[in-house]
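As structure tokens, the structure follows; a few thoughts come after it.
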Amino acid sequence: MTTPQLDKSYDPKAVESRWYQLWNERGYFHASPDHAGEPYCIVIPPPNVTGSLHVGHALNHSLQDILIRWRRMQGRNVLWLPGTDHAGIATQNVVEKQLMAEGLSRESLGRDQFIERVWNWKAASGNTIVSQQKQLGESCDWDRLRFTMDEGLSQAVLEVFVRLYDDGLIYRGERLINWCPRCLTALSDIEVEHEDVKGKLYHLRYPLADDPNNALVVATTRPETMLGDTAVAVHPDDPRYRHLIGKKVLLPLTTREIPIVGDSILVDLEFGTGAVKITPAHDFNDYEAGERHKLPRISILTARAEMDEVGLHEAGADASLNLALKPVQKARTIVVEVLTERGFLVKTEDHKMAVGKCYRCKTVVEPYLSPQWFVKIQPLAQPAIEAVETGKIRIIPEGWTNNYLGWMRDIKDWCISRQIWCGHQIPAWYCLACNAQQIVNVDNRTVVLQGAKPIVSKTTPVHCPTCGSQQLLRDGDVLDTWFSSALWPFSTLGWPEHTAELKAYYPTSTLVTGLDILFFWVARMIMMGLKFMGDVPFKDVYIHALVRDAEGQKMSKSKGNVIDPLHVMNQFGTDALRFTLASMASPGRDIKLAEERIEGYRNFANKIWNAARFGLMYLDGTRTALPPAQRTFPDQWILSRLNHTIHTVTAELESYRFDRAAGTLYHFIWHEYCDWYLELIKPVLQDPTDPNGPSTRQTLVETLETTMRLLHPFMPFITEEIWQTIPHQGDSIVLQNYPVSNHTWSAPDTERRFALLEQTIGLIRTGRVLLNYPPGQHIPFYVDHDDRNRQEQLHQIQQHLAHLSRGEVEIKASKDWPAAQLLRLVMEGLSVGITVSGDVDLHKALERLAKQLAENDKESQRIDGKLKNAEFVSKAPPDVITEHQERVRTMARDRELLAGSAQQLRMMLGT
RNA sequence: GGGCGGAUAGCUCAGUUGGGAGAGCGCUGCCCUUACAAGGCAGAGGUCACAGGUUCGAUCCCUGUUCCGCCUACCA
């Protein structure tokens, strides 16, 4: 029989798509509630349907695939459920841009046709990310691919909305909300990103109504909103101003007089001038102050953040300013100019402040007064807090738990309505007859004012239950995309139907996600899961890091520092990328990714490839499986190390330490398997008559095959390719058992002998370099150890010493070694003697000895000092003292030998 | 403003019951030794941010300081 041969280096492109297609075709990733094994389920954090795979996805998905493949191999009934979300605002923006290019608008198209365009766009681009996920090797059950706007998931949204409404947990009301003037929609609090900017603090004179020569000076960062002021507040305890409370000021640039009120909540005595203008329609604090003092609200901005004509009129603004329809920034300039001209601007100072920006389009958001739908969140949050407090849900790393709890305990009602078309339209209708007062036309748009009475229903109502009218208007708003994402762990499993999938896989096992959506998504899933399933949606939440560039900067298209995972996969192979991300996934630390790292792990893949090639070259011949104890020293040693590796990798995966699991595999494969084991067994393999051949070949195959299975979750492609090539049983590595540690493989004595071998070979090789012997040159060595047991062990490993040192090894007492022309190296009782020949510069060797002596002296002094300390001896544990004494003895012996060796060298040098 | 995390070799990072400081990459030297030059072997390189404290003993525990991140927050 001839064994198959592999190419000299690993070519990922040649194997990846082939295996993925086969895995998928054969249904290896398909899950069923009927399958055997304890269920293990992960629902994927749904990427945007129109997006493409970025390196953050690559990390997130790689870690999930590692868990999923590992658990599948462990025999669990595994379901990894993939899907996408509709990202309402983002998707609508994209489609609107396309329309604009065609000279169209969504208004001109109408709602139904617009939605059709959205679906077309989804059909055109929605598969992009799915095919990219497949390229990454993700073993999702693609038969169960879900989309947040699918029929079934939309049913779940309706069901949840109506039930929350019926429970009084959803309400409609007019509030000051965050408004994006570009997207023209409300945003929830957490969809606003705060950014520090350098602004200005303007000090403005507001003349007193009954004494216009005197004025109250207020400080503001937004002078243009002064036109909408309806009061000025001072602190009731402020001796400077308290006599003014109850009086009025003349609001500059307007015809209005506004009151001076005392407010200890709004006003900070220390800040600014101690007097604050109150603009209830344009500031969250002022809104609340307005409530406290029953102040009118004058809205002076349009939805597009332009000065509003009606509002300006209501405010009594000086019409000569010509502010109508001016954008807010422009209006600010004009207002400041005019205030300056007319002597109302006292001074301007620099001021650091935070502005809120839309998380989708980065436009500055405006507080905007409008009727919106809200989820009353407190009753939902309480059980979600308890689930984490009691440990029903574990957040990993634990450090994020407080972050979650803190946010949940201080949670605000959730604004869920969005004034866009892409999304789940709110299932609420208004009777035109009953709400005639509340339904008005503004700018050719029908607006339903606060106070309208909605009919909330899963199905379209035929008539008004109050008056019987059939003239019903559906609410035009859609729901926040995160509202549907919050149902993801059960809506994807078929809820509200009672499916077998729900029964088997809910609660899911683990959620893998980034910190950035802990509040957006994770917290809301927990609340909704508890409310509608009566149980947590998942048991573990693993939060991974953010991927940054090599300098630690956030990756962004505008900075041009993005690492494209697809490019990387093409260049270095998918396995290399996956292994890189896994090995850098240390908890609580961001990943600084540089391409060199990926290249390094590409090299690792190549190393594995060549180890397999090596194995295949020597595999011809019989193989015999002996009990471990009867195998050769190298075989026993590698089995013991493999056993240890299996144990460690499994334990690290159980605690989500992907980095340490990867590091353990890397070290085992490269530095134990390749560097030592394969080298140690070469003599046996290369001699066809060696009696240990059959057993060694067996161990070689056994360990290689096991290692491939152990590595498979991390590097699925190369492990399958190699596994298929070497002797194996079964159709695919995907379905094989994950290795379990086997105590009969453990061989501590062998490992101790190996440590001696490694140390001895190290000294010999150091000697070779010091004496300029070429690696291949056969030279004689003397070896000795001053510990009798260790000396005995040297005899046991003599043949391996000879092979690895490429020389002749004579084990005998160092006092009997030749005195001349010999370099002696010493380490912890071990001595190695190497013949000096030719014209060699011995100074290098002498330097090494001198350095080692100096280190020895320093360390002995330190330890000896501790031992001479009476307190140390009386208080330190006995085993620590014994160990210190032992070390001092060893160092003393080494010192003597080193000094002798140095002395001999000096004699040779004639100095 | 509040909270959290980090500061260890040139770079990126490991290092939990406190007792001799590690890895990967990079760097230097030698080697194309029939698995692998995407490689092998050897080696250089660190008052573990700073200052105190607890302890026989601190990279590790406590306090404070500095610097860097992140989250969160309505000082106009």
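Since the structure is predicted, the reported quantities are computational estimates derived from the model, not experimental observations. Numbered from 1 within each chain, the chains take letters A, B, ... in sequence-line order.
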| said: If you assign Lys412(A) and Gly762(A) each to the RNA chain B nucleotide with the nearest heavy atom, which residue ends up on the more 5' nucleotide? | reply: Gly762(A)
Review item, side-chain donor-acceptor pairs of residues 347-357 of chain A, under 3.5 Å, at least two apart:
{"from": "Lys347(A)", "atom 1": "NZ", "to": "Glu349(A)", "atom 2": "OE1", "distance (Å)": "3.4"}
{"from": "Glu349(A)", "atom 1": "OE2", "to": "His203(A)", "atom 2": "NE2", "distance (Å)": "3.4"}
{"from": "Asp350(A)", "atom 1": "OD1", "to": "Lys200(A)", "atom 2": "NZ", "distance (Å)": "3.1"}
{"from": "Lys357(A)", "atom 1": "NZ", "to": "Glu195(A)", "atom 2": "OE2", "distance (Å)": "3.4"}

| message | At under 4.0 Å between heavy atoms, how does the protein contact nucleotides 34-40 of chain B? Give one character per nucleotide, 5' to 3', with B, S or -. | response | -BBSBSS
| query | Do the two ring centres, one from Tyr359(A) and one from Phe520(A), sit under 6.0 Å apart? | reply | yes
| Does the pair Arg657(A)/Asp659(A) count as a salt bridge with the N-to-O cut at 4.0 Å? | yes
| request: Considering just the side-chain nitrogens and oxygens of Lys851(A), establish if one lies under 4.0 Å of OP1 or OP2 belonging to G45(B). | output: yes
| query | Which residue, Lys868(A), Gln861(A), Arg862(A), Lys866(A), forms the side-chain hydrogen bond (donor to acceptor under 3.5 Å, both in side chains) with Asp864(A)? | reply | Lys868(A)
| query | Taking atom types as modelled, is there a side-chain donor on Asp229(A) or Thr279(A) under 3.5 Å from an acceptor on the other? | reply | yes
| said: Each nucleotide in nucleotides 7-16 of chain B should get exactly one letter: B, S or -. Can you fill that in based on protein heavy atoms under 4.0 Å? | reply: S----BSSSB
| note | 5' to 3', nucleotides 53-61 of chain B under a 4.0 Å protein heavy-atom cut-off (B base, S sugar-phosphate only, - none) gives ---B-----
| message | Measuring only the P atom in each nucleotide, how far is G52(B) from U16(B)? A whole number of Å is fine. | response | 26 Å
| query | Which residues pass the side chain to side chain donor-acceptor pair (under 3.5 Å) test with Glu193(A), sequence neighbours left out? | reply | Lys362(A)
| note | Heavy-atom nearest nucleotide on RNA chain B taken for Asn403(A) and for Glu596(A); more 5' hit belongs to Glu596(A)
| So what stems show up for RNA chain B if we need 3 or more Watson-Crick or G-U pairs in a row, all under 3.5 Å? | B:1-7 with B:66-72, B:10-13 with B:22-25, B:27-31 with B:39-43, B:49-53 with B:61-65
| query | What about Tyr601(A) and Phe572(A), are their ring centers closer than 6.0 Å? | reply | no
| query | OP1, OP2 of A76(B) versus side-chain N and O of His351(A): anything below 4.0 Å? | reply | yes
| field | Parallel, tilted or perpendicular: ring planes of Trp670(A) versus Phe604(A), cut at 30 and 60 degrees | value | parallel
| query | Ion pair present between Glu595(A) and Arg602(A), side-chain N to carboxylate O less than 4.0 angstrom? | reply | no
| query | Expressed in whole Å, how much space separates the P atoms belonging to G20(B) and C32(B)? | reply | 42 Å
| message | Do the side chains of Arg887(A) and Glu883(A) get close enough for a salt bridge, i.e. N-O under 4.0 angstrom? | response | yes
